[in-house]
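Numbers for residues simply follow the sequence, beginning at 1.
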Amino acid sequence: MSYQKELLEKLRSRQARVAVLGMGYVGLPLAVVFAEAGFTVTGIDPDTRKVKALNQGRSYIQDVPTEQVARLVTEGRLKATDDFSVLQEMDAISICVPTPLRKTGDPDMSFILSATEEIARYMHPGLVIVLESTTYPGTTREILLPSLSKGHQLKVGEDFFLAFSPERVDPGRKDWTTINTPKVMGGITPACSEVATVWYEQAIETIHTVSSAEAAELAKLLENTFRMINIGLVNEMAIMCQRLGVDVWEVIEAAATKPFGFMKFTPGPGLGGHCIPIDPLYLSWKMKTLNYNAKFIDLASEINTNMPRYVVRRLMDALNERDMHLKGSRVLVLGAAYKPDIDDLRESPALDVIGLLKEKGAVVSYHDPYVPSLRAHDGETMHSVEDLLAAVRQADAVVIVTNHSNYDYAAILEAARFIFDTRNALGDLGRDDPRVERL
Ligand code: SAJ
């Protein structure tokens, strides 16, 4: 029997032994979904704290209930280890490791490279490997395939199977989860696509199979580049509307009444998170190696990156109009996380706004119910103010940077001298109030 047939049988019967490399916000939910489907799953992570927590039946990912981890561990369907040698017993391996950017703005492939090297050490016939980490097109074929093919005669698409399937995890989201979010799958060969699709469809409701790993890699980059560019568009629309003396929020609401052919995005103080500001740069980086300049990505990135500076300039102008100077003014920043109702600070524009305000000599404090402390760009450790309304009263200006839904905006408006609202968090509350300006 061919390795393909044998592996397909193991996958369909759920007898295949599954490993997930990287037990973070993508890997742990995926491991749990495979375990719930009946596979025996081993989560592999070099972070021994994660390994210990999981083996003790504890979850550290908000979307994965501890009770679920505890049950699966007790049932022997899920376990964790930092020992990569278990890979020699595995039949199916998902790679869910980080793909950040280096300080230079180039892709940091180190996590993918080390995971691939570990798998390469334990390569054997009848193995399917799926890369989930967001990366530039060609990574699966140009980086993983050569590394996994070294030192043996195993042939991809016959003896082992290799594919790419972009992660679509949105932490905190309850409506679209790992099980019900359609999953794109693209293999190095048709047999790779088939084996990887059969594996994933045992646990995930909808698999959309494409003809190559590159098509799957690019689908993910299109998704998030689309988002980044459209956010850049509305950010530039905010700048243009301000020059035209028109309320951009009113314009967007009006455009959003169009039931087709328009998708609403809203302006803000910049682009945060570990996906949207970063994924498109993987594509523009790859295109530069092919002597092509991805103009839309570069332009949108420039606009989005400049938004914190634009916010601070708008605040300076607003204070000047009130015969005040930013230098020496007490400015309270509301909301530090990169988007509402989460505690994630990664790439948060609030850090840039705070840094720029400090550079201009403002006396800066911040409040965020989800972020008790943060390290400002100048190295200072800041702490969220204890008494929000007292801090609002003492501030010369309040800047709403992240519009957490649990803020009492009416009380904040009542207590404030001046508010610069970068998210239209006040909505109609501050419509004609001279103490309020919006982006
Ligand atoms: N933002 C705006 N205006 C918008 C939307 C977002 O300024 O209209 C800002 C946010 O404030 C934030 C940044 O962009 O700083 C990113 O926000 P996001 O809503 O895109 O949230 P993320 O970064 O968590 O994006 C994830 C992505 N999911 C995956 O990559 C699997 C993205 O593709 C999803 O569309 C997004 O979640 C989502 O819809 O929640």
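- Taking OG1 from T74 and CD from E67, the interatomic distance works out to 11.5 Å, rounded to the nearest 0.5 Å.
- A side-chain donor from one of S110 and D108 sits under 3.5 Å from a side-chain acceptor of the other.
- Checked for salt-bridge contact, R314 and E437 meet the test: a charged N lies under 4.0 Å from a carboxylate O.
- A distance of 8.5 Å separates CD1 of I188 from OG of S193, quoted to the nearest 0.5 Å.
- For the residue pair E217 / T140, a side-chain donor-acceptor distance below 3.5 Å is found, with atom types taken as modelled.
- Between the side chain of D247 and the backbone N or O of W249 there is at least one donor-acceptor pair closer than 3.5 Å.
- With values rounded to the nearest 0.5 angstrom, I207 atom CD1 is found 5.5 Å from M185 atom CE.
- Heavy atoms from other residues, nucleotides or ligands lying under 6.0 Å from CZ of R309 number 12 at most.
- A salt bridge between D170 and K339 is present, with a side-chain N of the basic residue lying under 4.0 Å from a carboxylate O of the acidic one.
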Step-by-step ring-ring contact (aromatic ring centres under 6.0 Å, His included) determination, Y366 to H383: CA-CA 7 Å; Y366 89 94; H383 299 277; 8.4 Å; no
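- A side-chain donor-acceptor contact under 3.5 Å links E167 to the backbone of V169.
- The backbone N or O of G355 lies less than 3.5 Å from no partner atom in the side chain of D378, so there is not a single donor-acceptor pair.
- At least one donor-acceptor pair closer than 3.5 Å links the side chain of Q202 to the backbone N or O of V198.
- Once rounded to the nearest 0.5 Å, the distance linking CG of N235 with CD1 of I229 reads 13.0 Å.
- Note that the SG atom of C275 and the CZ atom of R168 stand 12.5 Å from one another [nearest 0.5 Å].
- Shown here is E414, whose CD atom has no more than 12 heavy atoms of other residues, nucleotides or ligands within 6.0 Å.
- Two rings, from F34 and W199, have their centers less than 6.0 Å apart.
- Checking T197 against T209 by side-chain atom types alone, a donor-acceptor pair falls below 3.5 Å.
- With values rounded to the nearest 0.5 angstrom, C241 atom SG is found 7.5 Å from I252 atom CD1.
- Using a 4.0 Å cut-off between charged nitrogen and carboxylate oxygen, K264 and E253 count as a salt-bridge pair.
- In this structure, E132 pairs ionically with K183, as a charged nitrogen and a carboxylate oxygen lie closer than 4.0 Å.
- When all heavy atoms of A425 and I400 are compared, the pair lying nearest together is CB-CG2, 3.9 Å.
- A salt bridge links D428 with R431: the closest approach of a Lys/Arg side-chain nitrogen to an acidic carboxylate oxygen falls below 4.0 angstrom.
- Under a cut-off of 6.0 angstrom, the local environment of NZ in K358 is crowded, with over 12 non-hydrogen atoms contributed by other residues, nucleotides or ligands.
- Aromatic ring orientation, F265 versus F226: perpendicular (interplanar angle above 60°, classes split at 30° and 60°).
- Side-chain polar atoms of S405 and D341 form a donor-acceptor pair below 3.5 angstrom.
- Heavy-atom neighbours of M237 CE from other residues, nucleotides or ligands within 6.0 Å: at or below the threshold of 12.
- Residues H404 and Y409 place their aromatic rings such that the two centres sit no closer than 6.0 Å.
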